Every structure is written in structure tokens, then in C-alpha cells.
Amino acid sequence: MSAITESSRVGSSRVGPSRTRPSTEEALVEAKLDQLLAEHDPKATQSVEFLGYQFDAGLAWVHFPEGYGGLGLSPKLQRVINERLGAAGAPSAYARNLIGYGMGAPTVVTHGTEAQKRRYLRPLFTSEEIWCQLFSEPGAGSDVASVSSRAVRDGDEWVVNGQKVWTSIAHLARWGMLIARTDPDIEKHKGLTYFVVDMHAPGVEVRPLRQMTGDAEFNEVYFTDVRIPDSERLGEVGEGWRVSITTLMNERVSLGGAVAPRGSGGIGQAVKLWNKRPADDRDPARRDRLMQLWIEAEVQRLTNIRASQNRQKGTPGPEGSVAKLAMAELNKEIYELCVDLMGPQGMLYGSYEMTRPAEAMHYDTPQKAFLRARANSIEGGTSEIMRNILGERVLGLPGDVRVDKDRPWSQVPRN
């Protein structure tokens, strides 16, 4: 077990050859970081203010254009920024506004107008305005293109009616990313339009969905004659599916493609629980299981590093779906082991009283993580859908059977 014990100590050590001379782009980023930290001590600056300074320095999303939180550089340099600021104790926009940071911002910067970019990106990054995603419906989960929520144009506005479900953090959100059907008489993928909706607008109702953790992190959202200005539309009318692909691909990278320090996260918890066990209770079978999961976690981490280094600017490719699938399945196995290592204590949970959490995917105990990890294989695209994407777009296998292709949405049978 020396390898496991050592892995828990090395923490954020980097793998690979040491770097000698930084590139011109990296030197620019390092200089910007030096100036940001010299002028604004993250430990003495309010989180919102510090994140605002970070945005203005172009260090929010380094691959975004200048003036919109970026410097127009390679996305791989964001890891340099995150590691440096994390070590300095800076706040994390990703942790504070997960859906907005990882999904909303890439969609706005790719498809938004200049006015939309200037309106949304900075307060999104500072977390002054939280975002949520309004895609899934009771009759449109894995097949999100079959959504039935309707948006009907009325002059310079759209009137929206319908229901969304499994909406994380909707109770905290100021803005929501909404896809709605604007033309039911053409093929389902072509009849969608994408909007940014004010979650405080008249007619928007958010109802909690209590999970087995006791939390109501998810919500149902009802729209009753909600009016959305046409100026809040992202992309052209009927181009909602193309815009939503940007959101979905970035969602999968956000959920599954994060690069954590070596031996951290769930596998780090498992190692700590193993090391707490009495020496005479560390049986070879559990040790072998722990080692195998540690190896899988490290392989995924290194794969995510490689993917982030190879990623070009723009919408991510199918590698995000592969990473998301691996994360979902591995998380479930790791937290099953954690509960197993806790013995009878693993059955003790504390309170199942309903709470409405202030952030998404919050794990404060191994028991809660064990329960919450069940959702990883559903949210952001089910593991079954991820396997379809892997088979079709990566391996080039024949596509799944589609009986509604080229048929108007209004003629497709539904329950």
C-alpha cells in the first residue's frame, strides 16, 4: 500500500517532464497572474470583486476573445491559471456558478450578439447572476430534441408555455438557458429556438424536487404565458438545436473533463478511509479493489489532461462525452467502496430533512456522495446516450434506429 499512501501525499504534483522555458502565450498569462495577485490579494478581497478583476484581466476563460473574459489564447492555459489562483486561495467561479461557467458562458460567447456578451458574461463569472439549464422535460429526457414546450412569437416578444424538469439550482438562478419549440410542423431538430429567460419573470414557477439525499437541488420549472424579448434569443429562429449542441458538449466537458490534483476527490476520500482502518483489517480483496479504482481515477485524470491540451478553441468534440461516461461510472464505484470501507458507519446518514442547497453537486460526506453519485449517470446525458455518441462519433459504428427522422414533430407519436 505504499503507492496509495504516497499518492495521498503528492497531491497536486505534475506528471511529465519539467518545463524549461515558457512559451510566449504562457509568459503573458504568468505576467497577468503576477499583476492580478500583486494588486488584489484574494484573501483580503471580496470574492465578487476578485472575480471581477480576474475577468477584466482576461483570465476568466483564457480562450475567449479579449474584452469578454479572455485573451484569445489556447484553452490549455486555463489550467495554469486555475492552479496558480487556487494555490493563492482565490475563489472559484466554476464552484460558485457551475452551470453558468461551464455551459452558459461558452454558449453566449459562441452564439450571442455583442450586446448579449457584454450583458451576461461578467456577472456570470463573478457569480452575481447564477444560471440554470432548461432542457429536459417529462417527455423529453435523453431525446432532448423532442421537447414540447412552445414559444409563439408576438411582435418583438415570444410567449412561452410548458414544463421543464430536473433543473439544477433553478431556485437560485437569475437566468436560464431554454430551448422551446417554435415550429411543430417540421422535423424536430429544425423546429427549436434557444432563449435566455429571466427566471424572475412573471409566469415562471420553480418547484423543488426532493432527492434521496434529502436535498432539493433539482427542480421542476413551469412556464405560463412567459414573455421573452426577441433580443434574448441566442442564434437564429429554428437554430436552437445547433446552439444547444454547444451547451451539451460543454456540459459534458464541465462534468467529466475536470482536471483535479492527483489522488484528490472521491479516490482521495477512499484512500483516507482505507488508511483509517486498523492494520489487521486491511484485507487483500479490498486493497486490490482500491488499487484498481485508484489506477482508473489516475488514467481518467491523465486522459482529461491530454484532451484539454489537444482541445482547440470552439465547441468541444465527442471526447467530452467519453470523459463524462467514465466519470459517472467511476464515481459510483468509488463511493460504493467508501461506504463499504466505513462498515456499519456507512449506514448512518444524519438527516434526510429537505434542504435547498446553495450549490450543485455538493458532497459533504461519503454517504451523501454515494447517494448523489447515482445521478451522475443521468444528468448531462445518460450513460446510454454517451455510449451511443462514443460508438457513432468516435468508433464510426452505425447509428441507432431512429423512427422519427425526417417526420414533422407534430406527426411523431408521443405518450
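These numbers come from a predicted model, not from an experiment. Positions are given from 1 along the sequence.
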Residue list, side chain to side chain contact (heavy atoms under 4.5 Å, CB included) with Arg118, at least two apart or on another chain
Tyr68
Test of understanding: with side-chain hydrogen bond (donor to acceptor under 3.5 Å, both in side chains), list the residues that count as partners of Lys188, not counting sequence neighbours.
Asp143, Asp404
Which pairs pass side chain to side chain donor-acceptor pair (under 3.5 Å) with one or both residues in residues 46-57, sequence neighbours excluded?
Asp56-Arg122
Could you check whether Thr247 and Tyr194, counting side-chain N and O atoms only, form a donor-acceptor pair closer than 3.5 Å?
yes
Which pairs pass salt bridge (charged side-chain N to carboxylate O under 4.0 Å, His left out) with one or both residues in residues 106-115, sequence neighbours excluded?
Glu114-Lys117
We want to know whether Trp158 and Asp230 form a side-chain donor-acceptor pair, criterion being a heavy-atom distance below 3.5 angstrom.
yes
Salt-bridged, Arg96 to Glu129, with N to O below 4.0 Å?
no
Audit row: Arg286, Asp340, salt bridge (Lys or Arg N to Asp or Glu O under 4.0 Å) steps and yes/no:
CA-CA 9 Å; Arg286 284 197 181 95; Asp340 186 25; 3.2 Å; yes
Parallel, tilted or perpendicular: which fits the ring planes of Tyr101 and Phe125, with parallel below 30° and perpendicular above 60°?
tilted
Main chain of Pro357, side chain of Thr355: is a donor-acceptor contact present, judged purely on distance under 3.5 Å?
no
Side chains of His63 and Ser74: any donor to acceptor distance under 3.5 Å?
no
Basic-acidic side-chain contact under 4.0 Å: Lys190, Glu187:
no
Cationic N near anionic O, under 4.0 Å, Arg372 to Glu379:
yes
Residues which pass salt bridge (Lys or Arg N to Asp or Glu O under 4.0 Å) with Glu384, listed by chain and number, not counting sequence neighbours
none
Ion pair check, Glu336 and Arg374, cut-off under 4.0 Å
yes
Ignoring hydrogens and angles, state whether a donor on the side chain of Thr193 or Thr182 is under 3.5 Å from an acceptor on the partner side chain.
yes
Got a sec, which residues hit salt bridge (Lys or Arg N to Asp or Glu O under 4.0 Å) with Arg387, two or more places apart in sequence or on another chain?
none
Not counting sequence neighbours, list each pair that qualifies as a salt bridge (charged side-chain N to carboxylate O under 4.0 Å, His left out) and has a residue in residues 191-204.
Arg174-Asp198
Taking only residues two or more places apart in sequence, or in another chain, which ones meet Ala170 in a side chain to side chain contact (heavy atoms under 4.5 Å, CB included)?
Cys132, Thr167, Met199, Val206, Asn219, Val221
Partners passing salt bridge (Lys or Arg N to Asp or Glu O under 4.0 Å) against Asp154 (at least two apart in sequence or in another chain)
Arg227
Using only heavy-atom distances, determine whether the side chains of Gln367 and Tyr349 contain a donor-acceptor pair under 3.5 Å.
no
Could you tell me whether the side chains of Gln163 and Glu137 share a donor-acceptor contact shorter than 3.5 Å?
no
Quick one about Gln300 and Glu296 (side-chain donor to acceptor, distance below 3.5 Å, no hydrogens or angles considered), yes or no?
no
Not counting sequence neighbours, which residues clear side chain to side chain contact (heavy atoms under 4.5 Å, CB included) with Gln116? List them please.
Thr113, Tyr120, Leu234
Check against salt bridge (Lys or Arg N to Asp or Glu O under 4.0 Å), Glu66 and Lys32
CA-CA 13 Å; Glu66 291 189 54; Lys32 291 269 189 180; over 6 Å; no
Does Glu128 have any salt bridge (Lys or Arg N to Asp or Glu O under 4.0 Å) partners at least two apart in sequence or in another chain, and if so, which?
none
Identify, with sequence neighbours excluded, every residue that meets side chain to side chain contact (heavy atoms under 4.5 Å, CB included) alongside Asp34.
Arg84
Assess, by modelled atom type and distance only, whether the side chains of Thr246 and Thr110 contain a donor and an acceptor separated by less than 3.5 Å.
no
Salt bridge check: are Arg207 and Glu205 linked by an N-O gap of less than 4.0 Å?
yes
